[in-house]
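Here's the structure we're looking at; comments come further down.
Here is the naming used below: chain letters follow the sequence lines, and residue numbers restart at 1 for every chain. Hydrogens, waters and symmetry mates are skipped; everything else that's a heavy atom, side chains included, is used. Quick caveat: nothing in here was measured; it's all calculated off a predicted structure.
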Number of protein chains: 2
Amino acid sequence: MLKKHHEYAKGLLKERNLKATTTRIQVISLISAYKTAMPLSKIQQSLANTDRVTLYRTLNALLEKGLIHKAFSSGEDTYYALCSDSCSTHAHQHDHIHFKCKVCQMVTCEYPEEKVVVSFPGFKVDSLNVSAVGVCGRCA
Amino acid sequence: MLKKHHEYAKGLLKERNLKATTTRIQVISLISAYKTAMPLSKIQQSLANTDRVTLYRTLNALLEKGLIHKAFSSGEDTYYALCSDSCSTHAHQHDHIHFKCKVCQMVTCEYPEEKVVVSFPGFKVDSLNVSAVGVCGRCA
DNA sequence: TTTTTAAATGCAACAATGTTGCAATAATAG
DNA sequence: CTATTATTGCAACATTGTTGCATTTAAAAA
């Protein structure tokens, strides 16, 4: 785990008034180093000596404070990704799409060329969730 | 439970070479009568004297054969809806959007005026999953 | 630096959701 | 109507996530 991510994590936690505990720093560093959205199973593997409960509580805290978000839930595994600055304690603000590559299994946050808009007459759309499965650029 | 749905269910099951067992007919009839996507919790309530395991196996069988699909999974509850004819044993073919109304909690399959298209350069998109949360026409 | 104090951790126990093996039962083909 | 094969119900297990509480840790105050 690189120092770079470690310091970065501490900064993020301070910004959101969360105590910079070992587990929180580890989780953020891990996801940050992972580059793409990281499946819970991998996070658990890497933090095998951390209590299961603590990890759940840590993830919930980071979710609530808008530091990470669930990028994909595919029944078996849930993927977590770091949030952008626009996410806050009160609301997640994502205009990206979660893309899962069925070759390398990686989940990434992608920004489509044109913003996705959907409208049905008579409906008020508050939030739109778009996820896609396919083959990513590297695997194609 | 109306006879209409009962007969309809039997027909669907025969088409897909599934035995027309009581539980299967009940599940299809229920969802059919419910009109919109039905949460698992309600299905369980209605079939309270059916074994938990049997219900799970029934739902899996219907999912696999393309008779129903998961319309929405919101952590707490999973919503099931009947499939259109275009769904088969091999693949689900849906071009609709799952819309959850946060007032009445109903989940419906909606067909937007223009088909949703997303493209990122270099990516091959196989399937796109779009869900929306907001307020439906009746509640607005 | 040491003390204080409020929050986070680890543990045990629990809860919810889903799965497996197997004997009993029900649906359909003959 | 009988034979055959899939489905059912039960018990037990597996997985995933949660709660209460005593102990430990982070960071603010002295």
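- To the nearest angstrom, C1' of D:dC10 lies 16 Å from CG of B:N49.
- Rounded to an integer number of Å, the gap from CD of A:Q26 to C1' of C:dG10 is 15 Å.
- Note on A:L40: only backbone sugar-phosphate atoms sit closer than 4.0 angstrom, heavy atoms only; bases stay farther off.
- Rounded to a whole Å, the CD1 atom of B:I43 is 15 Å from the C1' atom of C:dG18.
- Here A:Y56 does not reach the OP1 or OP2 of D:dT18: none of its side-chain N or O atoms lies under 4.0 Å away.
- Remark: the A:R52 side chain and the D:dG17 base include a donor-acceptor N/O pair separated by less than 3.5 Å.
- Rounded to whole angstrom, the span from the CZ atom of B:R16 across to the P atom of C:dT28 amounts to 17 Å.
- Taking the six-membered ring where the residue is Trp, B:H96 and B:Y111 present perpendicular rings, their angle passing 60° and hence far from 30°.
- Screening A:L59, A:N60, A:V53 against A:R57 for a side chain to side chain contact (heavy atoms under 4.5 Å, CB included) leaves a single residue, A:V53.
- B:L67 pairs with exactly one of B:I31, B:L82, B:L13 by the side chain to side chain contact (heavy atoms under 4.5 Å, CB included) rule, that one being B:L13.
- The closest donor-acceptor contact from the side chain of A:T54 to the backbone of A:T50 lies at 3.5 Å or more, if one exists at all.
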Can you pull every protein N or O that's under 3.5 Å from an N or O on nucleotides 5-9 of chain C?
unit_1, atom_1, unit_2, atom_2, d
C:dA7, O4', A:K19, NZ, 3.2
C:dA8, OP1, A:R24, NH1, 3.0
C:dA8, OP1, A:R24, NH2, 2.7
C:dA8, O5', A:R24, NH2, 3.3
C:dT9, OP1, A:T21, OG1, 3.1
C:dT9, OP1, A:T23, OG1, 3.3

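- With DNA chain C read from its 5' end, the first of the two nearest nucleotides for B:K14 and B:V53 is the one closest to B:V53.
- Distance B:I25 CD1 to C:dA26 P: 15 Å, rounded to the nearest Å.
- The CG-P distance, from B:L55 to C:dT20, rounds to 16 Å in whole Å.
- Backbone-only engagement by A:N60 is indicated by non-hydrogen atom pairs under 4.0 Å involving sugar-phosphate atoms exclusively.
- Looking at B:H98, its side chain does come within 3.5 Å of a backbone N or O of B:A71 through a donor-acceptor pair.
- Contact annotation for A:A20: backbone-only contact, meaning every heavy-atom pair under 4.0 Å involves sugar-phosphate atoms and none involves a base.
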Practice task
Show your working on side chain to side chain donor-acceptor pair (under 3.5 Å) between B:S131 and A:N129 and close with a plain yes or no.
Solution key: CA-CA 5 Å; B:S131 64; A:N129 196 291; 4.6 Å; no
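- Between the side chain of A:R24 and the backbone N or O of A:K19 there is at least one donor-acceptor pair closer than 3.5 Å.
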